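Worksheet: the structure to be examined is printed underneath.
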Amino acid sequence: MAFNFITPEEAAAQINHLDSIGTSGFTAPGSPKVIPEAIAAKALKEHEAGREYKVNIFSGASTNQHLDGALARANAINMRAPYQNTPDLRQRINSHDTHYFDRHLSELAQEARYGFIGKIDYAIIEASDINDDGEIVLGTGAGNTPTWAMMADKIFIELNEALPKELRGMHDLYMPADPPYRREIPIYSPSDRIGSPVLRIDPRKVAGVVRSNALDGVKPFTEPDEVSKQIGSNVVNFLLGELHAGRLPKDFLPLQSGVGNVANAVLNDLGLANDIPTFEMYTEVVQDSVINLIKQGKCRFASTCSLTISDDMMREVFSNMDFFHDKFVIRPSEISNNPEVIRRLGVIAMNTALEADIFGAVNSTHVLGTRMMNGIGGSGDFTRNGYISIFSCPSVSKGGLISNIVPMVAHADHSEHSVDILITDQGVADLRAKDPVQKAETIIENCAHPDYRPLLRDYLRLGKGGQTPHALQAAFAFHTAFAETGDMRNADFSRFA
């Protein structure tokens, strides 16, 4: 059947207050652009007329300014999951204008199919190509698109003419059966393919096709600063030590890396480390640094959920598809982040923390324990199941006013049971086979900034017994000192003695 081409405004006119929308993409890549902006414009008109108008948005991860940004500025998001990173939406979440529930990225699709989040009224799917038989070639991010397409009553397709049709064949779309019929996911190396290169939908569900023409607007990360470079060097030196000690196989293991300047610095240093063998990646996002590693021949292959690369790098990839086409596979997030596969492959997990405490717990999400930053993302999927689970962060922030190594994390996303290695610009704390006090001594000595080591030792001495000797009356003294004086170094443990 021939699809009906419509305007973004005609699509938005069909979407009602409190409708639930599943969107394609994972981070900005693959996320729809023009229909969400039309929904935001509709919301503003409805609000001006004194009528309520908000929608529920379920994605693969964060999206972009066209989607989360525009809808948040219009105060048009009622509920949002599973991850976000847009300042306007973050403000709505922290002011309780938007209900946000933070989920592990591997879980949301199956929870939707289990019925935990209710029905999906519409799916909005970005495509690089379509045909009348209902075959969709997705864009550069897969996310939870197969589940949204299956569950949605109606589907809108954004046909993005900025994307090359040569993306066909780069996707591997697979949806596991739900319990009790689920079988093993048969991925035994990052390059294994188990699904379809196209998304197959019922053409009768398509409510309209809207044309768009824009790349994702991903900006390149800034050049690593000295702190990021030192963290990157420390991570690489740790991995080299594991390799030389025989705790990693000689041909290495697949890598996962989070997003950001520190992650890019780590990957850049891996490319310069001659003793690190050529490797593969089984990860959730591919950044600019991974493209460079592939061009250098350092990274042979990358399994990902999204090509989260800058527009300039995307143009380079698109203009050299003959070279890059067989270097990637783009999977749905419940496969790219699947705990079973991560554990089977022995993925080395490398993620970033907002803060860590002296006993090894990590806060990935809440600034000073209360204000949501972005979300847990896929860090839990990889941390809990990785061959080695590494977290890194600067030892201090805001010029030393904040210590990122604290007595007790103000919000716990990853318990000490899941964290193997903690790395800052100061050094490496190997937490394996250590009891809580041994972990604390190792973290203070190797990861804390020198300005904060005496204070952290003072706190540790306050503990009154027990295996994990927290002094509960003083556990948040760092956070309290910052709230009251603007400087964690003003924490005074003598008054708790």
Side-chain angles (χ1 to χ4, degrees), residues 26-27 30 60-61 82-83 103-114 138 141-147 150 169-197 199 248-249 251-259 263 267 278-287 290 294 299-308 326-351 376-391 414 417-420:
F26 190 96
T27 67
Y83 184 82
R103 297 300 295 159
H104 298 291
L105 298 186
S106 68
E107 293 185 339
L108 185 64
Q110 67 177 24
E111 290 177 350
R113 295 195 302 270
Y114 297 167
L138 297 181
N144 292 321
T145 310
T147 292
M150 181 194 74
M170 292 185 71
H171 301 86
D172 185 47
L173 305 180
Y174 177 90
M175 188 187 304
D178 293 331
Y181 306 106
R182 182 170 296 183
R183 298 290 303 272
E184 70 279 2
I185 295 172
I187 294 174
Y188 308 106
S189 70
S191 58
D192 283 349
R193 290 175 173 270
I194 60 173
S196 170
L199 177 68
L248 285 172
D251 53 358
F252 218 51
L253 288 170
L255 295 176
Q256 174 262 340
S257 178
V259 180
L267 292 168
T278 301
F279 57 83
E280 296 179 312
M281 298 192 72
Y282 193 88
T283 190
E284 55 188 346
V285 291
V286 160
Q287 301 181 89
V290 178
I294 287 174
C299 178
R300 295 190 302 273
F301 188 86
S303 170
T304 186
C305 189
S306 172
L307 298 181
T308 309
D326 63 350
K327 304 297 191 298
F328 301 108
V329 63
I330 303 174
R331 308 185 193 273
S333 48
E334 66 177 320
I335 305 302
S336 70
N337 292 40
N338 187 271
E340 174 199 341
V341 179
I342 292 164
R343 185 165 291 193
R344 178 186 301 129
L345 298 182
V347 175
I348 299 170
M350 302 185 295
N351 290 286
I376 196 169
S379 59
D381 298 324
F382 287 91
T383 294
R384 188 74 175 118
N385 300 285
Y387 183 93
I388 300 175
S389 297
I390 302 170
F391 273 96
H414 311 280
H417 307 294
S418 302
V419 181
D420 296 324

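All of these numbers come straight from a predicted model, not from anything done at the bench.
The two residues Arg193 and Gly169 make their nearest non-hydrogen contact at NH2-O, 3.0 Å. When all heavy atoms of Ala263 and Ser257 are compared, the closest pair comes out as CB-OG, 3.3 Å. Between Pro82 and Leu108, the closest heavy-atom pair is CD-CD2, 3.6 Å. For Ile187 against Asp192, the heavy-atom pair with the smallest separation is C-OD2, 3.8 Å. Minimum interatomic distance between Ser306 and Thr27 (heavy atoms only, all atoms of both residues): OG-OG1, 3.3 Å. Heavy atoms only, all atoms of each residue included: Ser106 and Asp381 are closest at OG-OD1, 2.7 Å.
Side-chain atoms of Asp172 come within 3.5 Å of backbone N or O of Ile194 as a donor-acceptor pair. Using a distance-only test at 3.5 Å, with no hydrogens or angles considered, no donor-acceptor pair links the side chain of Arg113 to the main chain of Ala177.
When the options Pro186, Ser196, Pro146 are evaluated for a side-chain contact (heavy atoms from CB on, under 4.5 Å) with Tyr174, the one that passes is Pro186.
Separating the OG1 atom in Thr383 from the CZ atom in Phe391 is a distance of 3.5 Å, to the nearest 0.5 Å. Between the CG atom in Leu307 and the CD atom in Gln287 there is a gap of 11.5 Å [rounded to 0.5 Å]. Residue Met175 holds its CE atom at 12.0 Å from CD1 of Ile185, rounded to the nearest 0.5 Å. To the nearest 0.5 Å, the span separating CD1 on Ile342 from CG on Asn337 amounts to 6.0 Å. Distance check, rounded to the nearest 0.5 Å: CE of Met350 to OG of Ser389 gives 11.5 Å. Annotation: the span from Tyr282 atom OH to Ile348 atom CD1 amounts to 15.5 Å, rounded to 0.5 Å.
Taking Arg344 as the reference, Glu340 meet the salt bridge (Lys or Arg N to Asp or Glu O under 4.0 Å) condition, with sequence neighbours excluded. Legend: residues meeting salt bridge (Lys or Arg N to Asp or Glu O under 4.0 Å) with Arg300, ordered by chain and number and at least two apart, are Glu280.
Residues Leu255 and Thr283 have side chains not in contact (no heavy-atom distance under 4.5 Å, counting atoms from C-beta outward). Phe26 is not listed as a side-chain neighbour of Pro332, based on a closest heavy-atom distance of 4.5 Å or more. Contact of the Arg384 side chain with the Pro339 side chain is not registered, since no non-hydrogen atoms from C-beta on lie closer than 4.5 Å. Within the 4.5 Å cutoff, side-chain heavy atoms of Phe279 are placed close to those of Cys299. Put simply, the side chain of Ile388 reaches to within 4.5 Å of the side chain of Leu248, judged on heavy atoms. Side-chain contact between Tyr114 and Glu107 is absent, with no heavy atoms from C-beta onward closer than 4.5 Å. The closest side-chain heavy-atom distance from Lys327 to Val286 is not below 4.5 Å. Contact of the Ser333 side chain with the Cys305 side chain is registered, since non-hydrogen atoms from C-beta on lie closer than 4.5 Å.
Looking only at atom types and distance, the side chain of Gln256 has a donor-acceptor partner in the side chain of Asn351 under 3.5 Å away.
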Assess whether side chain to side chain contact (heavy atoms under 4.5 Å, CB included) is satisfied between Phe301 and Val329, documenting all intermediate values. CA-CA 8 Å; Phe301 188 86; Val329 63; 3.7 Å; yes
Assess the residue pair Ile376 and His414 against the criterion (side chain to side chain contact (heavy atoms under 4.5 Å, CB included)); give the C-alpha distance rounded to whole Å, side-chain angles, the decisive distance to 0.1 Å, and a yes or no. CA-CA 9 Å; Ile376 196 169; His414 311 280; 3.9 Å; yes
Determine, stepwise, if the pair Ile330 / Leu138 fulfils side chain to side chain contact (heavy atoms under 4.5 Å, CB included). CA-CA 10 Å; Ile330 303 174; Leu138 297 181; over 6 Å; no
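Annotation: salt bridge (charged side-chain N to carboxylate O under 4.0 Å, His left out) contacts involving residues 182-191, sequence neighbours excluded, comprise Asp178-Arg182.
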